[in-house]
Amino acid sequence: VLVEGGKRPRSDSEAEAIAKGAEAHLITYLATHEDIETFSPEPPEEMRFAELLKNFSKEEIAYYEFAKVVHQWNRHHGTKPNFEDYMKPYLDNDRRHSGWSDFDFSIAHMAEIENKIFNREFNKDDFKFYDTVINPTITFSRINEVSRVEDSGLRDKYILQQIEKFWQEGKNIFIVYGCSHAVMHEQAVRKLV
(Lines give C-alpha, C1' and ligand atoms only; values in the text may rest on other atoms or scores of the structure.)
Protein backbone atom coordinates (compact mmCIF):
# COMPACT_ATOMS: atom_id res chain seq x y z
CA VAL A 1 0.00 0.00 0.00
CA LEU A 2 1.43 3.35 -1.05
CA VAL A 3 0.36 6.35 1.05
CA GLU A 4 0.88 10.06 0.57
CA GLY A 5 2.90 12.30 2.85
CA GLY A 6 5.07 9.88 4.81
CA LYS A 7 4.63 6.55 6.52
CA ARG A 8 2.03 6.62 9.28
CA PRO A 9 2.35 5.10 12.75
CA ARG A 10 0.22 2.16 13.83
CA SER A 11 -3.17 2.82 15.39
CA ASP A 12 -5.08 0.61 17.81
CA SER A 13 -8.46 1.00 16.09
CA GLU A 14 -10.16 2.33 12.97
CA ALA A 15 -11.63 5.22 14.97
CA GLU A 16 -8.21 6.20 16.34
CA ALA A 17 -6.67 5.99 12.85
CA ILE A 18 -9.36 8.22 11.34
CA ALA A 19 -9.02 10.73 14.18
CA LYS A 20 -5.21 10.80 13.81
CA GLY A 21 -5.07 11.35 10.08
CA ALA A 22 -8.08 10.42 7.96
CA GLU A 23 -7.53 8.12 4.98
CA ALA A 24 -3.73 7.84 5.19
CA HIS A 25 -3.85 6.61 8.79
CA LEU A 26 -6.91 4.43 8.15
CA ILE A 27 -5.37 2.68 5.15
CA THR A 28 -2.19 2.15 7.19
CA TYR A 29 -4.27 0.62 9.99
CA LEU A 30 -6.12 -1.67 7.56
CA ALA A 31 -2.93 -2.74 5.78
CA THR A 32 -1.08 -3.40 9.04
CA HIS A 33 -4.05 -5.39 10.33
CA GLU A 34 -3.68 -7.67 7.27
CA ASP A 35 0.16 -7.81 7.45
CA ILE A 36 0.48 -5.77 4.25
CA GLU A 37 3.51 -3.51 3.96
CA THR A 38 2.99 0.25 3.62
CA PHE A 39 5.39 2.62 1.92
CA SER A 40 5.35 6.34 1.24
CA PRO A 41 7.13 7.02 -2.06
CA GLU A 42 7.85 10.68 -1.39
CA PRO A 43 10.99 12.30 -2.78
CA PRO A 44 13.83 12.85 -0.30
CA GLU A 45 13.57 16.28 1.35
CA GLU A 46 17.06 17.35 0.27
CA MET A 47 16.14 16.62 -3.35
CA ARG A 48 12.89 18.59 -3.06
CA PHE A 49 14.63 21.70 -1.71
CA ALA A 50 17.39 21.54 -4.34
CA GLU A 51 14.90 21.13 -7.20
CA LEU A 52 12.59 23.91 -5.99
CA LEU A 53 15.55 26.26 -5.57
CA LYS A 54 16.10 26.08 -9.35
CA ASN A 55 12.90 28.13 -9.89
CA PHE A 56 12.03 29.82 -6.60
CA SER A 57 13.70 31.93 -3.90
CA LYS A 58 14.54 30.56 -0.46
CA GLU A 59 11.84 32.83 1.00
CA GLU A 60 9.17 31.46 -1.36
CA ILE A 61 10.11 27.85 -0.67
CA ALA A 62 10.43 28.26 3.12
CA TYR A 63 7.15 30.15 3.30
CA TYR A 64 5.37 27.49 1.20
CA GLU A 65 6.61 24.78 3.59
CA PHE A 66 5.48 26.89 6.55
CA ALA A 67 2.04 27.61 5.04
CA LYS A 68 1.46 23.88 4.47
CA VAL A 69 2.02 23.18 8.15
CA VAL A 70 -0.11 26.14 9.30
CA HIS A 71 -2.87 24.73 7.07
CA GLN A 72 -2.36 21.27 8.60
CA TRP A 73 -2.45 22.74 12.14
CA ASN A 74 -5.74 24.46 11.31
CA ARG A 75 -7.27 21.14 10.24
CA HIS A 76 -7.04 19.72 13.78
CA HIS A 77 -10.48 19.00 15.13
CA GLY A 78 -11.26 19.98 18.69
CA THR A 79 -8.49 21.59 20.69
CA LYS A 80 -5.51 22.51 18.54
CA PRO A 81 -2.04 21.81 19.89
CA ASN A 82 0.12 24.74 20.93
CA PHE A 83 1.09 26.48 17.69
CA GLU A 84 4.76 27.12 18.51
CA ASP A 85 5.30 23.58 19.80
CA TYR A 86 3.56 22.15 16.72
CA MET A 87 5.60 24.23 14.26
CA LYS A 88 9.05 23.74 15.83
CA PRO A 89 9.83 20.22 14.56
CA TYR A 90 8.69 21.14 11.04
CA LEU A 91 10.79 24.30 10.95
CA ASP A 92 13.76 22.37 12.36
CA ASN A 93 13.33 19.72 9.63
CA ASP A 94 13.20 22.40 6.95
CA ARG A 95 16.41 23.95 8.30
CA ARG A 96 18.16 20.58 8.36
CA HIS A 97 16.93 19.24 4.99
CA SER A 98 17.34 22.47 3.06
CA GLY A 99 20.99 22.83 4.02
CA TRP A 100 20.45 26.61 4.23
CA SER A 101 22.49 27.42 7.32
CA ASP A 102 22.21 31.14 6.46
CA PHE A 103 18.38 31.19 6.46
CA ASP A 104 16.12 32.07 9.42
CA PHE A 105 13.40 29.42 9.76
CA SER A 106 11.66 31.09 12.73
CA ILE A 107 7.92 31.75 12.95
CA ALA A 108 8.71 35.47 13.23
CA HIS A 109 10.61 35.39 9.93
CA MET A 110 7.81 33.43 8.23
CA ALA A 111 5.37 36.11 9.45
CA GLU A 112 7.64 38.78 7.91
CA ILE A 113 7.69 36.90 4.60
CA GLU A 114 3.89 36.61 4.67
CA ASN A 115 3.62 40.36 5.23
CA LYS A 116 6.08 41.04 2.42
CA ILE A 117 4.37 38.74 -0.12
CA PHE A 118 0.72 39.34 0.80
CA ASN A 119 0.79 42.70 2.56
CA ARG A 120 -1.07 41.31 5.55
CA GLU A 121 -0.42 40.61 9.20
CA PHE A 122 0.20 36.99 10.13
CA ASN A 123 -2.95 35.25 11.37
CA LYS A 124 -2.32 31.57 12.12
CA ASP A 125 -6.07 30.92 12.50
CA ASP A 126 -7.05 32.01 8.97
CA PHE A 127 -7.68 28.53 7.53
CA LYS A 128 -9.22 29.84 4.30
CA PHE A 129 -6.16 31.98 3.55
CA TYR A 130 -3.71 29.08 3.99
CA ASP A 131 -5.98 26.74 2.06
CA THR A 132 -5.88 29.21 -0.85
CA VAL A 133 -2.15 29.91 -0.58
CA ILE A 134 -1.06 26.26 -0.90
CA ASN A 135 -3.66 25.17 -3.46
CA PRO A 136 -1.82 24.03 -6.61
CA THR A 137 -4.93 24.32 -8.79
CA ILE A 138 -5.36 28.10 -8.52
CA THR A 139 -3.18 31.15 -9.11
CA PHE A 140 -3.45 33.45 -6.12
CA SER A 141 0.26 34.09 -5.66
CA ARG A 142 3.70 32.80 -6.53
CA ILE A 143 3.35 30.39 -3.59
CA ASN A 144 0.68 28.51 -5.56
CA GLU A 145 3.29 28.09 -8.30
CA VAL A 146 5.68 26.49 -5.79
CA SER A 147 2.87 24.14 -4.78
CA ARG A 148 2.07 23.33 -8.41
CA VAL A 149 5.69 22.53 -9.31
CA GLU A 150 6.12 20.41 -6.21
CA ASP A 151 2.77 18.63 -6.36
CA SER A 152 2.34 18.07 -10.07
CA GLY A 153 5.90 17.92 -11.29
CA LEU A 154 8.60 17.08 -8.83
CA ARG A 155 6.63 14.84 -6.48
CA ASP A 156 4.58 13.04 -9.13
CA LYS A 157 7.63 12.22 -11.23
CA TYR A 158 9.40 10.68 -8.24
CA ILE A 159 6.26 8.88 -7.00
CA LEU A 160 5.65 7.39 -10.45
CA GLN A 161 9.24 6.13 -10.60
CA GLN A 162 8.65 4.34 -7.29
CA ILE A 163 5.32 2.89 -8.48
CA GLU A 164 7.03 1.56 -11.61
CA LYS A 165 9.83 0.04 -9.50
CA PHE A 166 7.35 -1.80 -7.27
CA TRP A 167 5.36 -2.96 -10.29
CA GLN A 168 8.47 -4.32 -12.00
CA GLU A 169 9.33 -6.19 -8.78
CA GLY A 170 6.01 -8.00 -9.25
CA LYS A 171 4.22 -6.40 -6.30
CA ASN A 172 0.46 -5.87 -6.16
CA ILE A 173 -0.01 -2.17 -5.49
CA PHE A 174 -2.80 -0.20 -3.83
CA ILE A 175 -2.24 3.56 -4.10
CA VAL A 176 -3.84 6.13 -1.77
CA TYR A 177 -3.07 9.68 -2.92
CA GLY A 178 -5.11 12.88 -3.13
CA CYS A 179 -7.25 13.78 -6.11
CA SER A 180 -4.77 16.27 -7.59
CA HIS A 181 -2.39 13.36 -8.25
CA ALA A 182 -4.99 10.95 -9.62
CA VAL A 183 -4.96 12.11 -13.24
CA MET A 184 -1.21 11.73 -13.69
CA HIS A 185 -0.94 8.55 -11.64
CA GLU A 186 -3.80 6.83 -13.46
CA GLN A 187 -2.33 7.51 -16.91
CA ALA A 188 1.09 6.21 -15.89
CA VAL A 189 -0.26 3.12 -14.13
CA ARG A 190 -2.42 2.22 -17.16
CA LYS A 191 0.74 2.28 -19.30
CA LEU A 192 2.39 -0.19 -16.92
CA VAL A 193 -0.46 -2.68 -17.19
Side-chain angles (χ1 to χ4, degrees), residues 2-7 24 39-75 86-124 126-165 175-189 191-192:
L2 305 182
V3 295
E4 182 172 13
K7 197 165 182 179
F39 183 73
S40 184
E42 297 288 338
E45 292 296 310
E46 293 81 0
M47 182 185 110
R48 284 182 54 252
F49 278 99
E51 287 297 315
L52 289 171
L53 197 53
K54 292 177 182 177
N55 298 300
F56 303 100
S57 71
K58 289 180 180 180
E59 283 189 344
E60 290 167 333
I61 298 165
Y63 179 78
Y64 165 68
E65 295 295 324
F66 174 75
K68 285 192 313 185
V69 181
V70 176
H71 180 262
Q72 178 180 301
W73 176 80
N74 270 290
R75 292 181 68 185
Y86 188 83
M87 294 303 295
K88 185 177 181 344
Y90 291 99
L91 294 168
D92 290 346
N93 278 340
D94 291 346
R95 180 180 300 107
R96 185 173 54 257
H97 293 300
S98 69
W100 305 338
S101 57
D102 61 340
F103 192 85
D104 178 6
F105 282 94
S106 68
I107 293 172
H109 188 226
M110 296 302 122
E112 287 174 24
I113 295 169
E114 182 171 304
N115 184 271
K116 179 178 169 183
I117 294 173
F118 299 103
N119 195 29
R120 68 173 245 141
E121 292 302 313
F122 174 62
N123 177 0
K124 68 183 185 292
D126 191 346
F127 174 79
K128 187 174 181 180
F129 173 77
Y130 295 103
D131 192 53
T132 301
V133 165
I134 66 168
N135 187 332
T137 65
I138 63 172
T139 303
F140 175 68
S141 75
R142 185 127 162 94
I143 305 305
N144 300 104
E145 293 176 38
V146 178
S147 182
R148 195 165 22 262
V149 165
E150 195 222 9
D151 247 18
S152 302
L154 173 65
R155 280 182 70 217
D156 279 330
K157 182 179 177 184
Y158 185 86
I159 291 162
L160 290 170
Q161 289 170 346
Q162 299 304 303
I163 290 170
E164 184 174 5
K165 180 187 82 140
I175 305 166
V176 182
Y177 265 75
C179 64
S180 65
H181 301 279
V183 174
M184 182 178 276
H185 290 186
E186 181 182 8
Q187 291 172 9
V189 170
K191 288 179 184 175
L192 289 174

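Remark: L2 CG to I163 CD1 distance equals 6.0 Å, nearest 0.5 Å. For the atom pair OH (Y86) and CD (Q72), the distance works out to 3.5 Å, reported to the nearest 0.5 Å. Taken to the nearest 0.5 Å, the CZ atom of F122 stands 12.0 Å off from the CD atom of E112. Note that CD of E65 is 10.0 Å distant from CE of M110, once rounded to the nearest 0.5 Å. Rounding to the nearest 0.5 Å places CZ of R48 at 10.5 Å from OG of S98. The CD1 atom of I143 sits 13.5 Å away from the CG atom of N135 when rounded to the nearest 0.5 Å.
Among residues two or more places apart in sequence or in another chain, the side-chain hydrogen bond (donor to acceptor under 3.5 Å, both in side chains) test is passed with K88 by D92. Contacts of N93 classified as side-chain contact (heavy atoms from CB on, under 4.5 Å), with partners at least two apart in sequence or in another chain: R96, H97.
Ring centroid separation for the pair F129 and F118 comes in under the 6.0 Å cut-off. Outside the 6.0 Å centre-distance limit, the rings of Y130 and W73 are not counted as a close aromatic pair.
Side-chain atoms of D102 and K58, non-hydrogen and from C-beta on, do get closer than 4.5 Å to each other. Between F49 and W100, some side-chain heavy-atom pair lies under the 4.5 Å cut-off. Looking at heavy atoms from C-beta onward, V146 lies out of side-chain contact with Y63 at the 4.5 angstrom threshold. A 4.5 Å side-chain heavy-atom check between V69 and M87 finds at least one atom pair inside the cut-off. Side-chain contact between H109 and E59 is present, with at least one heavy-atom pair separated by less than 4.5 Å. In this structure, the side chains of E121 and N123 stay at 4.5 Å or more apart for every pair of heavy atoms.
Shown here for V133 and A67, the closest heavy-atom pair between the two residues is CG1-CB, 4.1 Å. Closest heavy-atom contact between F105 and A62: CE2-CB, 3.8 Å. Taking every heavy atom of both residues into account, S57 and E60 meet most closely at N-OE1, 2.9 Å.
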Between Q162 and K165, does the side-chain contact (heavy atoms from CB on, under 4.5 Å) criterion hold? Intermediate values first, please. CA-CA 5 Å; Q162 299 304 303; K165 180 187 82 140; 3.7 Å; yes
Test salt bridge (Lys or Arg N to Asp or Glu O under 4.0 Å) on R148 and E145 and set out the steps. CA-CA 5 Å; R148 195 165 22 262; E145 293 176 38; 5.1 Å; no
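A donor-acceptor contact shorter than 3.5 Å links the side chain of N74 to the backbone of V70. In this structure, N144 contributes its side chain and P136 its backbone to no donor-acceptor pair below 3.5 Å.
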